[in-house]
Visitor: 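Below is one structure. I have some questions about it.
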Amino acid sequence: MLYSLLFSLRDTYGALNVFRYITFRAVIAALMALLLSFLIGPRLIERLTARQIGQQIRPDGPQGHLSKAGTPTMGGTMILFSLILATVLLADLTNPYIWIVVLVTLGFGAVGFADDYKKLSVGNFRGVPGKVRLLLEFAIGLVAGVFLFLTPDFDTRLYLPFFKDISVDLGPAYIPFAALVIVGAANAVNLTDGLDGLAIGPVMTTAFTYGVFAYAAGNLKYAEYLQIPYVAGAGELAIFTAALLCAGLGFLWFNTYPAMMFMGDVGALPLGAALGIVAVLTKHEIVLLVAGGVFVAETMSVILQVASFKLTRKRIFRMAPLHHHFELLGWPEPKIIVRFWIVSIICALVALSTLKLR
Ligand code: 57M
């Protein structure tokens, strides 16, 4: 919105010509999201505390978490507000990809909000029944998949990282595949969000990685040079990922250990879904498993733990997801968090290397 207004004035004020550059608008969107988070954060914490919108702690979890009871939650509302406002103001709203990422993100935010609200209003951990939540999430993902499939010349091929000449055309099967990527990413972030700052760190490193992918994929010269699929218009997604990165950085100011605020499902679900839909739009779906390696490890730990317990009545980990296992090993919470961030940075570097190693 601001982009189209200011850019249209470039003949009168030549300096506004700078708004044509995606990199410039990405930096402005990032700074705007960060500033909004700093402005909103303290007031949101006051409001959540006053309304006693505080976290309920499960009694069967690590004992160290009991002291977290009452921590204001649903801080994800601040992340979404900063992210969406900065994107709508700085991105080119004639680009359909911007509308897809914004609507998918808000859709998952609504599901997460309903879950948080139900937990808080009823005062238990169950929230919206898991099956209903997954149904709603897949419905949003499938609508996004159908819309993309019906978009003229949308590429339904699946490309593998490191192999430039291998691709598989999924055809209509791309629709459920895209939904799976979005829903899987959303729930992986949700599972990971179990320690102060643990989820938002990898969300930021993955957002940065996909900002680079989007910028390269949307630039014909770079796409040809790097031999990655050219996706006309994907460059605008770099503005969304830049706003996502810094909306997360602003939230981390309040979520860092010891957390003053949790993001809630209203934050975790849309953040994961946002990464999933950007991975789909930039044609870098598989490499999300690399960039989001921490999310994959956390999710796999749950799958393996539940499968093992059901089959053998024995646990592989002291507790799943993985971060609880290290807690029960006696690692202090900050140590677990920072080490997971380090692993996430390594995953981002390996994912970025796929741009050249192919
Ligand atoms: C998402 N939510 C946190 C907070 C955050 C199948 C099973 C693995 C499901 C899983 C589960 O319930 N996952 C839900 C994880 C919760 O955080 C809230 O949820 C939002 C994100 N969705 O924003 O509002 C707790 O995490 C802690 N936390 C922080 N700092 C943060 O910045 O300390 C969160 C954010 C908060 C707070 O304590 O209350 C969560 O863990 O529930 N279940 C589990 O993760 C449970 N694991 C488990 O049951 N393992 C079993 C089997 C089933 C795999 C096993 O190992 O045998 C553990 N989680 C908890 N207690 N809290 C263990 C029991």
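Basis for what follows: all heavy atoms, side chains included, without hydrogens, waters or symmetry-related copies. When a ligand or atom number is given, it counts from 1 through the structure's own listing order.
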Visitor: Which of the atoms of ligand 1 are close to Gly61, meaning less than 4.0 Å from one of its heavy atoms?
Guide: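 Near Gly61, meaning under 4.0 Å from one of its heavy atoms, ligand 1 has 61 (N), 64 (C).
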Visitor: Please lay out, stage by stage, how Glu327 and Arg318 fare under the test salt bridge (charged side-chain N to carboxylate O under 4.0 Å, His left out).
Guide: CA-CA 9 Å; Glu327 278 191 290; Arg318 295 193 177 195; over 6 Å; no
Visitor: Quick one: do Tyr21 and Leu90 end up in the same hydrophobic cluster if we chain Ile, Leu, Val, Met, Phe, Trp and Tyr together by side-chain heavy atoms under 4.5 Å apart?
Guide: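 Cluster IDs for Tyr21 and Leu90 match.
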Visitor: Check each of His325, Lys310, Gln305 against atom 55 (C) of ligand 1 and report the one with the nearest heavy atom.
Guide: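 Heavy atom nearest to atom 55 (C) of ligand 1 belongs to Gln305.
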Visitor: Kindly say whether the aromatic ring centers of Phe154 and Tyr174 come within a distance under 6.0 Å.
Guide: yes
Visitor: With a 4.5 Å cut-off on side-chain heavy atoms, are Met32 and Leu35 touching?
Guide: no
Visitor: Show which atoms of ligand 1 fall inside a sub-4.0 Å distance from at least one heavy-atom site of Ile57.
Guide: 38 (O), 39 (O)
Visitor: Non-hydrogen atoms of Pro321 versus ligand 1: any pair closer than 4.0 Å?
Guide: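 Pro321 counts as a contact of ligand 1 under the 4.0 Å cut-off.
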Visitor: Can you give me the closest heavy-atom contact between Ala247 and Ile79, atom names plus distance?
Guide: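 For Ala247 versus Ile79, the nearest heavy atoms are CB-O, 3.8 Å.
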Visitor: Starting from atom 33 (O) of ligand 1, find the nearest protein heavy-atom neighbour and note its residue, name and distance.
Guide: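 Result for atom 33 (O) of ligand 1: Lys68 NZ, 2.8 Å.
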Visitor: Look at atom 3 (C) of ligand 1 and say whether a protein heavy atom is found at less than 4.0 angstrom from it.
Guide: yes
Visitor: Within a distance under 4.0 Å of any heavy atom of Asp196, pick out the atoms of ligand 1 and give their elements.
Guide: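 Matching atoms, with element in brackets: 29 (C), 30 (N), 31 (C), 32 (O), 33 (O).
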Visitor: Using a 4.0 Å heavy-atom cut-off, say whether Gln55 meets ligand 1 through its side chain, its backbone, both or neither.
Guide: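 Gln55 to ligand 1: side-chain contact only, backbone stays beyond 4.0 Å.
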Visitor: What atoms of ligand 1 come within less than 4.0 Å of a heavy atom belonging to Asn255?
Guide: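 Ligand 1 atoms under the 4.0 Å threshold to Asn255: 32 (O).
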Visitor: For ligand 1, find out whether one of its N or O atoms is nearer than 3.5 Å to an N or O atom of Lys119.
Guide: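 No: no nitrogen or oxygen of Lys119 is under 3.5 Å from one in ligand 1.
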Visitor: Applying a heavy-atom cut-off of 4.0 Å, say which part of Thr73 lies close to ligand 1: side chain, backbone, both or neither.
Guide: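 Side chain only.
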Visitor: Can you tell which of Thr71, Asn190, Asp116 gets a heavy atom nearest to atom 22 (N) of ligand 1?
Guide: Asn190
Visitor: With a heavy-atom distance limit of 4.0 Å, tell me whether Val302 approaches ligand 1 through its side chain, its backbone, both, or neither.
Guide: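 The answer is the side chain.
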Visitor: At what distance is the nearest protein heavy atom to atom 19 (O) of ligand 1, and which residue and atom is it?
Guide: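 Of the protein heavy atoms, Asp265 OD1, 3.8 Å lies nearest.
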Visitor: Can you check side-chain hydrogen bond (donor to acceptor under 3.5 Å, both in side chains) on Lys283 and Tyr230, steps first, answer last?
Guide: CA-CA 9 Å; Lys283 303 305 299 169; Tyr230 171 60; over 6 Å; no
Visitor: Which residue holds the protein heavy atom closest to atom 11 (C) of ligand 1, what is that atom called, and what is the gap in Å?
Guide: Arg58 NH1, 4.2 Å
Visitor: Identify, for atom 10 (C) of ligand 1, the protein heavy atom at the shortest distance, and state residue, atom and that distance.
Guide: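 It is Leu191 CD2, 4.0 Å.
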Visitor: Evaluate Gly264 for polar contact with ligand 1, using N/O atom pairs at a separation under 3.5 Å.
Guide: yes
Visitor: Quick one: does Ile228's side chain get under 4.5 Å of Thr354's, heavy atoms only?
Guide: no
Visitor: May I ask you to test the Phe138-Ile182 pair for a side-chain heavy-atom distance under 4.5 Å?
Guide: no
Visitor: Answer yes or no for Gln56: is there a heavy-atom contact with ligand 1 below 4.0 Å?
Guide: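 Right, Gln56 reaches ligand 1.
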Visitor: What I'd like to find out is whether the side chain of Ile98 reaches to under 4.5 Å of the side chain of Asp92, using heavy atoms alone.
Guide: no
Visitor: With atoms numbered from 1 as shown, which atoms in ligand 1 lie under 4.0 angstrom from a non-hydrogen atom of His324?
Guide: 41 (O), 58 (C), 59 (N)
Visitor: Under the salt bridge (charged side-chain N to carboxylate O under 4.0 Å, His left out) test, which residues partner Arg339, sequence neighbours left out?
Guide: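 Partners of Arg339 by the salt bridge (charged side-chain N to carboxylate O under 4.0 Å, His left out) criterion come out as none, since no residue qualifies.
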Visitor: Between Phe326 and Glu333, is there a side-chain heavy-atom distance shorter than 4.5 Å?
Guide: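 No, too far: nothing below the 4.5 Å cut-off.
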Visitor: Is Thr71 close to Thr73 at the side-chain level, that is, under 4.5 Å between some pair of heavy atoms?
Guide: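 Heavy-atom side-chain distance check fails, nothing below 4.5 Å.
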Visitor: Under the salt bridge (charged side-chain N to carboxylate O under 4.0 Å, His left out) rule, what do Lys68 and Asp196 come out as? Steps first, then yes or no, please.
Guide: CA-CA 10 Å; Lys68 296 169 182 265; Asp196 298 354; 2.8 Å; yes
Visitor: Which bit of Met263 is near ligand 1, meaning a heavy atom under 4.0 Å away: side chain, backbone, both or neither?
Guide: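 The part of Met263 near ligand 1 is both the backbone and the side chain.
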Visitor: Could you list which atoms of ligand 1 come closer than 4.0 Å to a heavy atom of His65?
Guide: 27 (C), 33 (O), 37 (C), 38 (O)
Visitor: Are the side chains of His324 and His65 in touch, meaning some heavy atoms are under 4.5 Å apart?
Guide: yes
Visitor: Heavy-atom distance under 4.5 Å between the side chains of Asn187 and Thr299, does that happen here?
Guide: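 Answer no - side chains too far apart.
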Visitor: Any nitrogen or oxygen of Ala320, main chain or side chain, under 3.5 Å from a nitrogen or oxygen of ligand 1?
Guide: yes
Visitor: Does Arg313 count as lying over the ring of Phe309, i.e. NZ or CZ under 6.0 Å from the six-ring centre, within 45 degrees of the axis?
Guide: yes
Visitor: Could you find the nearest protein heavy atom to atom 27 (C) of ligand 1 and give me its residue, atom name and distance?
Guide: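 It is Gly194 O, 3.2 Å.
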Visitor: Quick test: of every protein heavy atom, which one is nearest to atom 16 (C) of ligand 1, and how far off is it to 0.1 Å?
Guide: Asp193 O, 4.2 Å
Visitor: Would you please indicate yes or no on a ring centroid separation below 6.0 angstrom for Tyr210 and Phe213?
Guide: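 Ring centres of Tyr210 and Phe213 closer than 6.0 Å.
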Visitor: With the threshold set strictly below 4.0 angstrom, can you tell me whether any protein non-hydrogen atom sits that near atom 25 (C) of ligand 1?
Guide: no
Visitor: Counting both backbone and side chain atoms, is some N or O of Leu195 under 3.5 Å from an N or O of ligand 1?
Guide: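 By distance alone, the answer is yes.
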Visitor: Suppose we measure from atom 57 (O) of ligand 1 to each protein heavy atom; which comes out shortest, and what is that distance?
Guide: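 Residue, atom and distance for the closest contact: Arg315 NE, 2.7 Å.
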Visitor: For ligand 1, find out whether one of its N or O atoms is nearer than 3.5 Å to an N or O atom of Arg318.
Guide: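 It does not: no N or O of Arg318 is found under 3.5 Å from an N or O of ligand 1.
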Visitor: In terms of residue, atom name and distance, what is the protein heavy atom nearest to atom 63 (C) of ligand 1?
Guide: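 Among all protein heavy atoms, the one nearest atom 63 (C) of ligand 1 is Met319 SD, 3.3 Å.
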Visitor: Any nitrogen or oxygen of Val306, main chain or side chain, under 3.5 Å from a nitrogen or oxygen of ligand 1?
Guide: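 In this structure, Val306 places no N or O atom under 3.5 Å from an N or O of ligand 1.
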